[in-house]
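Take a look at the structure set out below.
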Protein chains: 2
Amino acid sequence: MSGDAKAGRPGRTREMILAAAMEMFAESGFHGTSLRDIAGRSGLTHPGVLYHFPTKEALLMAVLERRDEVTGEDYPTEGTTAREVLRSLVGTARLNAGRRGLVELFATLSAEATSADHPAHEFFTQRYESLRDQVAGAFTALAEDGALRPGVEPALAAIQVIAMMDGLQVQWLLDDRIDMGRALAVHLDQQVVTPLEA
Amino acid sequence: MSGDAKAGRPGRTREMILAAAMEMFAESGFHGTSLRDIAGRSGLTHPGVLYHFPTKEALLMAVLERRDEVTGEDYPTEGTTAREVLRSLVGTARLNAGRRGLVELFATLSAEATSADHPAHEFFTQRYESLRDQVAGAFTALAEDGALRPGVEPALAAIQVIAMMDGLQVQWLLDDRIDMGRALAVHLDQQVVTPLEA
DNA sequence: GTCTATACCCAGATAGAC
DNA sequence: GTCTATCTGGGTATAGAC
């Protein structure tokens, strides 16, 4: 049944397409990449790609979910201290400075997806909500330890850091002399009583 | 010479096209909007549009410049105090909460335009540079008056506020319960010794 | 001077052969 | 599971009607 050498393991081709799509979306953006480009790099024709992913947007969503897995490795979600959660935000910003394509993809799509009818709208709405919850949780824990500066509200502080991360990405994409990690670290140190680093 | 009733005042049609284009770029982004869509809403065909604007890119640039005029009214550039410059950032954020289309346009395009070959790339690079200069100037003036909290660096603070403004827009577009004005005001008050408001 | 008609090529998507 | 062929629609450019 599955002994056919040509076909390989099911999902094998799917993986190759995903890898090619992620690279090319990252290099040239979603609109700048054609299905024929992706197909070419995967060694098929564009209807071949559409057999595995019904539409180009479905392929995009698959790439986004995979991106979340990759970046998710930077964000320890459980069993970590509140300070570690905040430090991981700075860490991600620093790592991102070496992953331009991924940053471009995310920045472009999160903006595009603000339209209610965009295929990735729900994806991003949920993503921001869960990110805000997670970061707000960290700030709340710090507040309970009296580790926040006076006037810092956990829920608002979460919105603010996440906003700053996103905005820094756009400025950095336009001018890579912008130091995202430092900007974020300085901001976070203004929220807490004892500096995060060291 | 100019007595032709059909033609109307020169620039009349141009205005209609611009208005339609601004709305549709805001809703669907640059790549998501076709000239035929814009033409349809303006009551002409797409080559009709191309008579007034040689290319789709030229139309985009015209729209961007007009947006700058609208928003520019919120930003007093000269003859104002440093504190007023910062307050105007908060004011713009509050006004923007009533101009969803404009915010969508700007958020979507600034992200798209991070690609080096995007027609609006240069426009946004310049825009951010000049905005940073202006805000950094305000922070520098405050620093000289000893009005900044210890550790606040003017140039970095400018990058940070602008980043936060942009990031807040994306979160607000996805969930309009986000209070952009308040988030920004609280952040700015953390940078200065005496609160900005009142 | 202002627009319509038309034609070009490239992209996403579908139908159906193998 | 993948291809060939084809359809539709987009951006661009030109010819020519009013």
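In what follows, every heavy atom counts, from backbone to side chain, and hydrogens, waters and symmetry copies are set aside. Residue numbers begin at 1 in each chain, while the letters A, B, ... track the order of the sequences.
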Where along residues 55-65 of chain B does a heavy atom come under 4.0 Å from DNA chain C, residue by residue in number order?
-> none

Shortest side-chain distance from B:Pro47, nucleotide among D:dT14, D:dT4, D:dG11 = D:dT14

Determine which pairs satisfy side-chain hydrogen bond (donor to acceptor under 3.5 Å, both in side chains) with at least one residue from residues 136-152 of chain A, sequence neighbours left out, and list them in order.
-> none

Quick one: label A:Thr33 by what it contacts on the DNA or RNA (base, sugar-phosphate, nothing), any heavy atom closer than 4.0 Å.
-> sugar-phosphate

Establish, with yes or no, whether the OP1 or OP2 oxygen of D:dG1 is under 4.0 angstrom from a side-chain nitrogen or oxygen of A:Thr13.
-> no

Hey, does the side chain of B:Arg83 reach the backbone of B:Pro195 with a donor-acceptor pair shorter than 3.5 angstrom?
-> yes

Over how many whole Å does the gap from B:Met16 atom CE to C:dT2 atom C1' extend?
-> 14 Å

Once you round it to whole Å, what is the distance between P of D:dT12 and CZ of B:Phe53?
-> 14 Å

Is the B:His118-B:Phe30 ring centre distance short of 6.0 angstrom?
-> yes

Salt-bridge criterion met for A:Asp176 and A:Arg100 (N-O under 4.0 Å) | no

Write down the distance between CG (B:Leu35) and C1' (D:dT12), rounded to a whole number of angstrom.
-> 9 Å

Please check the phosphate of D:dG1 (OP1 and OP2 only) for any side-chain N or O of A:Tyr51 closer than 4.0 Å.
-> yes

On DNA chain C, more 5' by nearest nucleotide between A:Leu50 and B:His52 is B:His52

Counting distance only, does the side-chain N/O of B:Thr108 pair as donor-acceptor with the main-chain N or O of B:Leu105 below 3.5 Å?
-> no

Establish whether the base of C:dA13 is bridged to the side chain of A:His46 by a donor-acceptor pair shorter than 3.5 Å.
-> yes

Report yes if a side-chain nitrogen or oxygen of A:Thr45 is closer than 4.0 Å to either non-bridging phosphate oxygen (OP1 or OP2) of D:dT2; otherwise report no.
-> no

At what distance, to the nearest 0.5 angstrom, does CG of B:Leu188 lie from CD of B:Gln191?
-> 6.5 Å

Can you list every side-chain hydrogen bond (donor to acceptor under 3.5 Å, both in side chains) pair that touches residues 154-172 of chain A, not counting sequence neighbours?
-> A:Tyr128-A:Asp166, A:Gln171-B:Arg132

Interatomic distance, A:Leu44 CG vs C:dA13 C1' [rounded to whole Å] | 16 Å

Please evaluate the base of C:dG12 for a donor-acceptor partner in the side chain of A:Arg36 within a cut-off of under 3.5 Å?
-> yes

